[in-house]
Structure formats: structure tokens, C-alpha cells
Amino acid sequence: NQAASSFFLPLDRVVHALGKIQQNVPVHRGSLLATFENEAYPRAVRLGLSEEAERSFRQAFPKRDGVLVIDRITPKGPLDGVAKAGDIVISINGISINEFVQLEAILDEHVGQTIQFVFQRAGRNQQHEVRVADLTAVTPATLVMSCDASFNDVSYQIARHYNLPL
């Protein structure tokens with residue numbers, strides 16, 4: 001089942017992470033501080049996917065039935081002011097991106113680095129250099145508890161949910 005298998009990390013990503021843990025090296029998680037959705041080709045075309053891009057994706061990924069689309073962008077995150085909700089992910093560093101695991105693998109390998117992010121809006125490719133955020137750095141590691149309440153910095157997960165800047 002293709003849908004069920006997309007929830008599991010490929011074996012090479014697990015081996016990679018385990019190797020780092022065994023070497024006592026941190027496992028970094030990269031993020032663009034945005035959420036993405038997989039959209040079927042007909043909906044992606046309505047959002048602005050060009051015929052040429054659709055043909056290219058169908059040829060490169062014959063077992064997939066759609067593309068990644070930006071759903072939400074965290075204010076003051078790497079994509080804020082660069083992309084918009086509804087933009088269609090085309091490639092990162094020249095590699096066509098079509099699924100979440102592939103996107104996450106590239107982001108994890110480029111934490112703190114600049115990547116070439118290409119997306120389509122209204123059938124036109126737009127390319128921007130964006131810096132990959134360290135997901136660990138935007139996740140609070142400490143908190144203060146007082147009077148049955150806890151206080152800590154706004155986490156990425158909360159900021160994303162309420163559309164707040166970090």
C-alpha cells in the first residue's frame with residue numbers, strides 16, 4: 001500500500017540516523033518552517049502546475065499521483081516573503097521533489113545551509129535561495145513551571161498552528 005508506506009522512513013534514513021547516534025553525533029532535522037501537502041495532479045494543475053512540469057513529474061515518478069504543495073508558511077521563517085500557500089514544489093538543488101521523505105532527507109542534510117528552492121506559481125518557475133532552519137533550535141528545550149502553569153518560548157509546532165512568528 002503506497003499510502004501506508006509513506007509514513008515510514010526508508011531504511012537508509014534509519015541506518016543514517018542510527019550511525020550518528022552510535023558515533024555520539026547529533027541527528028539534525030532540517031526544516032523550511034512550512035507545512036506541505038501532497039496534491040493530486042488535477043488539483044495541482046488548478047493551482048498552477050504547468051503541463052510541462054506535470055509531464056516531467058509523471059515521467060520521473062510513474063508510481064506517484066501528485067506533487068507537494070505549500071500549505072502554510074510560518075511568519076519570519078525561511079519561506080516567508082518568498083513563497084505562498086498554494087505554490088508547487090518543483091526541486092531543491094536541482095533535484096526534483098515529489099514526496100515528503102525525499103524533501104525531509106534533503107533538508108536534514110542541509111541544516112544551516114542555503115539551498116536553491118524552486119517552486120511554481122501560475123505555471124512559472126521561481127527560484128530562490130533559502131536557508132534551512134534547524135528544527136531542534138526552534139523547539140524549546142527548557143521551561144519554567146510556576147502556579148500550575150508552564151512558560152517557554154513559542155515552539156515551531158505552536159507557531160505553525162496559530163500562524164505566529166517564532
Side-chain angles (χ1 to χ4, degrees), residues 6-21 23 25-39 41 43-44 47-50 52-61 63-64 66-141 153-161 163-166:
S6 68
F7 290 105
F8 300 100
L9 289 174
L11 186 57
D12 62 331
R13 298 296 300 150
V14 173
V15 170
H16 174 77
L18 284 175
K20 287 190 172 222
I21 291 168
Q23 296 169 11
V25 175
V27 179
H28 293 286
R29 294 300 319 269
S31 178
L32 294 176
L33 303 181
T35 56
F36 299 85
E37 290 185 346
N38 186 295
E39 293 289 353
Y41 288 118
R43 172 136 167 78
L47 289 171
L49 181 67
S50 69
E52 179 183 337
E54 179 184 0
R55 194 170 28 258
S56 176
F57 274 115
R58 285 183 184 273
Q59 183 177 15
F61 306 100
K63 293 185 179 182
R64 303 283 301 161
V67 293
L68 294 180
V69 174
I70 298 172
D71 180 44
R72 282 191 274 180
I73 297 172
T74 302
K76 298 186 181 178
L79 293 180
D80 188 28
V82 171
K84 295 179 179 180
D87 288 344
I88 300 153
V89 178
I90 300 296
S91 67
I92 295 178
N93 291 344
I95 299 168
S96 294
I97 303 296
N98 188 263
E99 60 183 21
F100 294 105
V101 172
Q102 184 185 24
L103 172 67
E104 291 170 357
I106 290 173
L107 295 178
D108 290 351
E109 293 299 320
H110 292 88
V111 174
Q113 299 174 23
T114 300
I115 58 171
Q116 292 294 321
F117 184 71
V118 178
F119 59 88
Q120 245 186 35
R121 182 183 303 150
R124 290 196 157 139
N125 282 3
Q126 296 191 29
Q127 178 176 316
H128 294 273
E129 288 188 359
V130 294
R131 188 170 192 80
V132 178
D134 182 351
L135 194 55
T136 305
V138 296
T139 303
D153 292 332
V154 173
S155 71
Y156 164 61
Q157 292 78 8
I158 296 295
R160 179 183 72 193
H161 184 72
N163 199 34
L164 299 170
L166 293 174

*Check against side-chain contact (heavy atoms from CB on, under 4.5 Å), H110 and N93*: CA-CA 10 Å; H110 292 88; N93 291 344; 3.5 Å; yes
*Under 3.5 Å donor-acceptor, T74 side chain and G77 backbone*: no
*Answer yes or no: is there a donor N or O on one side and an acceptor on the other, between the side chain of D87 and the main chain of K84, under 3.5 Å?*
yes
Might you point out which heavy atoms bring [X] and [Y] nearest each other, and give the distance in Å?
X: E39; Y: V69; answer: CG-CG2, 3.6 Å
X: R64; Y: Y41; answer: O-CE1, 3.9 Å
X: F57; Y: V89; answer: CZ-O, 3.6 Å
X: L32; Y: F117; answer: CD1-CE1, 3.9 Å
X: A83; Y: I70; answer: CB-CD1, 3.6 Å
X: V111; Y: H28; answer: CG2-CB, 3.8 Å

Using residues 128-135 as the side-chain source, report each donor-acceptor pair under 3.5 Å to any protein atom, sequence neighbours left out, with the distance given to one decimal.
from: E129; atom 1: OE2; to: Q116; atom 2: NE2; distance (Å): 2.8
from: R131; atom 1: NE; to: G112; atom 2: O; distance (Å): 3.4
from: R131; atom 1: NH1; to: G112; atom 2: O; distance (Å): 3.0
from: R131; atom 1: NH2; to: G112; atom 2: O; distance (Å): 2.6
from: D134; atom 1: OD1; to: T136; atom 2: N; distance (Å): 3.0

*Using the test salt bridge (charged side-chain N to carboxylate O under 4.0 Å, His left out), find all partners of R72 that sit at least two apart in sequence or belong to another chain.*
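Once residues adjacent in sequence are excluded, R72 has no partner under the salt bridge (charged side-chain N to carboxylate O under 4.0 Å, His left out) criterion.
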Hey, does [Y] have a side-chain heavy atom less than 4.5 Å from the side chain of [X]?
X: I95; Y: Q102; answer: yes
X: R121; Y: Q126; answer: yes
X: E104; Y: F36; answer: no
X: F100; Y: L68; answer: yes
X: V67; Y: N38; answer: no

*Check whether more than 12 heavy atoms from other residues, nucleotides or ligands sit under 6.0 Å from atom CD of E52, and answer yes or no.*
no
*Are there more than 12 heavy atoms of other residues, nucleotides or ligands under 6.0 Å from atom CD of Q127?*
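Buried by this count: over 12 neighbours within 6.0 Å.
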Working to the nearest 0.5 angstrom, can you tell me the gap between [X] [atom1] and [Y] [atom2]?
X: N98; Y: I90; atom1: CG; atom2: CD1; value: 10.0 Å
X: L79; Y: L33; atom1: CG; atom2: CG; value: 8.0 Å
X: R29; Y: L107; atom1: CZ; atom2: CG; value: 9.0 Å

*Should F119 and S91 be marked as a side-chain contact (heavy atoms from CB on, under 4.5 Å) after you check the CA-CA gap, both sets of side-chain angles, and the distance that decides it?*
CA-CA 7 Å; F119 59 88; S91 67; over 6 Å; no
*Stepwise side-chain contact (heavy atoms from CB on, under 4.5 Å) check, V118 with I97*: CA-CA 10 Å; V118 178; I97 303 296; over 6 Å; no
